[in-house]
Amino acid sequence: MLFDTVSILLALAVLCCSLSAAMLLAWRLVLPGLPLLLWGCGMGGYGVGVFLITLRDSVPILVSTNVANLLIGGCYCLVWWGVSVYRNVRPHARTILVVLLLFIVIHVWFTFGDPDIACRAVISRSFCIFFLLGAVGSLCKGGLKTLTPMERGAAAALTLDVLFKALIVTAQLFNMSYKAPMWSNVFASSAAMLSLAGVTCWGLALIMMILEKTVADMRSAENASRTAQNQLETVIDNIPSLIYLKDRQGRLLACNQMLADLVGVSREQMLGKTSHDVFPAELADIQQTDDMSVLQSGKMLVTDEIVELGDGTHLFETTKLAVRDQAGEISAICGITSDVTERRRMETRLSESQQRLDTIANTSPALIWMAGLDKGCIWFNETWLAFTGRTLEQESGNGWAEGVHPEDFDRCLKIYIDSFEARESFAMEYRLRRHDGEYRWIYDQGQPRYDATGAFCGYIGSCLDVSDRVEALAKLHQKNAEIEQFIYTVSHDLRSPLVTVKSFLGYLEQDMETGDAEKVGQDLGFIHAAADKMEQLLNELLQMSRIGRQENPPTSVTFRELAQEAMVSVAGQVAGHNVNVQVADVELTLTGDRPRLAQIWQNLLDNAVKYMGDQPEPRVELGVERQDGEIVFFVLDNGIGVAPENRDRVFGMFDKLDRSTSGVGLGLAMVKMIVEQYTGRIWVESNGEGRGSCFRFTLPKALAA
């Protein structure tokens, strides 16, 4: 009876120690994790199993011994697994499960085979020894030198429990040999006592090992925190700003070395002081007001402060923000004050410089643009925007390309993209639509731009309106072509009568020697005709050379007067061809060189009569009409007409479409020159050969005078 009581008390002690250790390990689970969970379950289950064994007389043997032995074996497996995880040793899960399964099978087989209970206890404790040896092996893997002192203690405790289990197995075998009740009670008490000693040893060892690791982690965290604090203080002390922390009463809680150096005292002496203890009263009042504003609003505040120092006036920029505690209440104010005197000066200079550049760019007659790294334009000066009549948003990116003439678009874009990718300057000409819809020729020059570090930033370019130059160059080319044609034609037309004169002078000499008066007269006739032709050509060339020079003072004359003068000048040709000439009854006054103005209608009327052809009812109409708000004069006939391909050719010098007619082919060329002298234009309309023609022209300068 005594031994039973002692066994139960020892079993209760094992249960209490095991459950206490399990609860402690479970409480510590929030830090290390899985190993503690496994150890806690193992120790708690072990205590329950030992206590169940002592209840074999009051609880059915199937529960008290078999369930307890299975529970103890499984819990030792958990300890083996937990040690393996703790040591970062891959737990031989497959080996553990196979051995545990083998243990369960053997134990169940012996249970239903109804052998001696003591035999099942021997088998159970033998497997527990194996599980403990597995845990020791996992803990000591890598050698004892790799273990901390506490881990070595845990290994020794596990090994000691192995020895206790071996003693229990030995005592059990001895009891099975003698089968004495007294020895059975002694064995039960010894088993409970040794179990208490074993579980207490390795349980306490595991707890101390965990506490050692926890303390090491805490020291490591403390050292890391102290290192981070030192690093932070070093950074704050080397920041070129005044950094400080105040409480709600304005007392200084902390500051960096720069603030202490500015005041001229140590940081320890600065602590606890207020702004009124350090700075002049006026400045301190401002700082106190700012502090109260931050405390009341809780919002960040940025202010400027002007401070007089030994080397002059300085401008400080101060940023203050509220510091809140864990409850969200404002507990302090953090301030950062920087000397921005030089920076503000540089910003002011930069702003002034930028304003000057903007003024220069926006008042420049050139159209200036700027592009970014993506080839899209990011800026245009006001001159460009005024030229196109569009906003910066409309022109940005590739919007500017919408104004490029369709015929120039592909060429313009290719030059731009190729130059951009090659980082090369470029120059090109293209037509750009002006705000009034007119396309103007633009000379565009682009240059790559780089920042202060030499990195490529995009392109900048300027454009000039070169339409006048392009038009002047086109006119020059046209004039050169006309001069070349003029020289060729004049040399040809003058050479022909000269050849005639020279040839008939030879015939004249021969006929005079023979005394043939009739042939002499014929020769002289040919010579006179050639001379007349040369004279006519020279006279018309002289008239053309005078166009553009002011020979007569400008006078006012009506359209009808000019038409009447033209009809009088060509009255013979009109009468000879029986042409019906009609003049519009329009009262319109022109101002200019009257003879030159009259020459326009005279040459056009003469040209109409000359190219009337065999029209049975020849008719010419001289009139005026208004087209699109513009006054247009016209000379309309029903003659031979003009083929479409010859409409521009008729105004060329010496370019006669019908060589059989009289004249040298300068009439329409002179008309065109006179019209252009009055900033007008002339063109011919015809439905084709045999359908008549209509010459239309304008004289804006003569009408505006």
Side-chain angles (χ1 to χ4, degrees), residues 540 543-544 547 557-590 592-613 615 617-627 630-644 646-652 655-658 661-663 665-703:
E540 292 195 10
Q543 289 183 10
M544 180 171 287
I547 297 176
V557 59
T558 65
F559 160 72
R560 290 187 60 82
E561 290 174 344
L562 293 173
Q564 290 297 331
E565 289 183 19
M567 292 177 62
V568 172
S569 299
V570 294
Q573 295 93 311
V574 172
H577 290 80
N578 195 24
V579 179
N580 178 18
V581 180
Q582 297 179 358
V583 179
D585 186 10
V586 177
E587 291 296 331
L588 187 64
T589 301
L590 296 87
D593 188 341
R594 181 167 180 165
R596 289 283 176 255
L597 292 174
Q599 195 173 4
I600 297 175
W601 279 271
Q602 177 183 336
N603 285 348
L604 290 176
L605 182 56
D606 180 66
N607 186 77
V609 174
K610 187 186 300 182
Y611 292 99
M612 188 58 66
Q615 178 62 248
E617 296 181 0
R619 178 174 52 84
V620 177
E621 180 182 351
L622 282 62
V624 182
E625 63 184 5
R626 184 176 291 274
Q627 293 182 359
E630 184 180 28
I631 295 177
V632 179
F633 302 93
F634 65 88
V635 176
L636 175 65
D637 66 68
N638 59 350
I640 64 174
V642 179
N646 295 326
R647 290 178 183 175
D648 294 328
R649 182 182 165 193
V650 295
F651 297 104
D655 214 345
K656 295 180 61 177
L657 300 182
D658 187 355
T661 58
S662 60
L666 291 177
L668 292 179
M670 284 192 291
V671 169
K672 185 172 184 286
M673 291 179 66
I674 297 171
V675 169
E676 291 177 348
Q677 188 67 27
Y678 286 90
T679 65
R681 53 195 176 90
I682 184 170
W683 67 97
V684 61
E685 297 174 354
S686 177
N687 293 326
E689 296 182 1
R691 297 187 178 183
S693 58
C694 180
F695 286 84
R696 300 182 185 273
F697 58 95
T698 61
L699 299 169
K701 188 175 180 180
L703 293 172

For the CD atom on Q627, are there more than 12 heavy atoms of other groups (residues, nucleotides or ligands in this structure) within a distance under 6.0 Å? yes
Is it true that atom CZ of R696 has more than 12 heavy atoms of other residues, nucleotides or ligands lying nearer than 6.0 Å? yes
Roughly how far, to the nearest 0.5 Å, is [atom2] of [Y] from [atom1] of [X]?
{"X": "L622", "Y": "M567", "atom1": "CG", "atom2": "CE", "answer": "8.0 Å"}
{"X": "L636", "Y": "R619", "atom1": "CG", "atom2": "CZ", "answer": "6.0 Å"}
{"X": "I640", "Y": "Q615", "atom1": "CD1", "atom2": "CD", "answer": "11.5 Å"}
{"X": "S693", "Y": "N638", "atom1": "OG", "atom2": "CG", "answer": "9.5 Å"}
{"X": "M670", "Y": "M673", "atom1": "CE", "atom2": "CE", "answer": "9.5 Å"}
{"X": "T589", "Y": "E561", "atom1": "OG1", "atom2": "CD", "answer": "8.0 Å"}

Any side-chain heavy atom of [X] within less than 4.5 Å of one from [Y]?
{"X": "V620", "Y": "N580", "result": "no"}
{"X": "V609", "Y": "V570", "result": "no"}
{"X": "R596", "Y": "Q677", "result": "no"}

Check: T698 side chain, G680 main-chain N or O, donor-acceptor pair, under 3.5 Å: no
Side-chain donor/acceptor of R681 to backbone N/O of K672, under 3.5 Å: no
Where [X] and [Y] come nearest, the two heavy atoms and their spacing:
{"X": "S686", "Y": "G692", "answer": "OG-O, 2.8 Å"}
{"X": "P618", "Y": "H577", "answer": "CG-O, 3.4 Å"}
{"X": "D637", "Y": "A608", "answer": "OD2-CB, 3.7 Å"}
{"X": "D606", "Y": "Q573", "answer": "OD1-NE2, 3.3 Å"}

Option among L604, V671, V684, I674 that satisfies the side-chain contact (heavy atoms from CB on, under 4.5 Å) test with F697: L604
Could you walk me through whether I600 and L699 satisfy the side-chain contact (heavy atoms from CB on, under 4.5 Å) test, starting with their C-alpha distance in whole Å, then the side-chain angles of each, then the deciding distance to 0.1 Å, before giving a yes or no? CA-CA 11 Å; I600 297 175; L699 299 169; 4.1 Å; yes
Please tell me whether F695 and W601 form a close aromatic pair, meaning their ring centres lie under 6.0 Å apart. no
When you look at L588 and T558, which way does the side-chain contact (heavy atoms from CB on, under 4.5 Å) test go after all the steps? CA-CA 5 Å; L588 187 64; T558 65; over 6 Å; no
Begin from the C-alpha positions of Y678 and D593 and carry the test side-chain contact (heavy atoms from CB on, under 4.5 Å) through to its verdict. CA-CA 10 Å; Y678 286 90; D593 188 341; 3.7 Å; yes
Taking it one step at a time, do V675 and F633 satisfy side-chain contact (heavy atoms from CB on, under 4.5 Å)? CA-CA 11 Å; V675 169; F633 302 93; over 6 Å; no
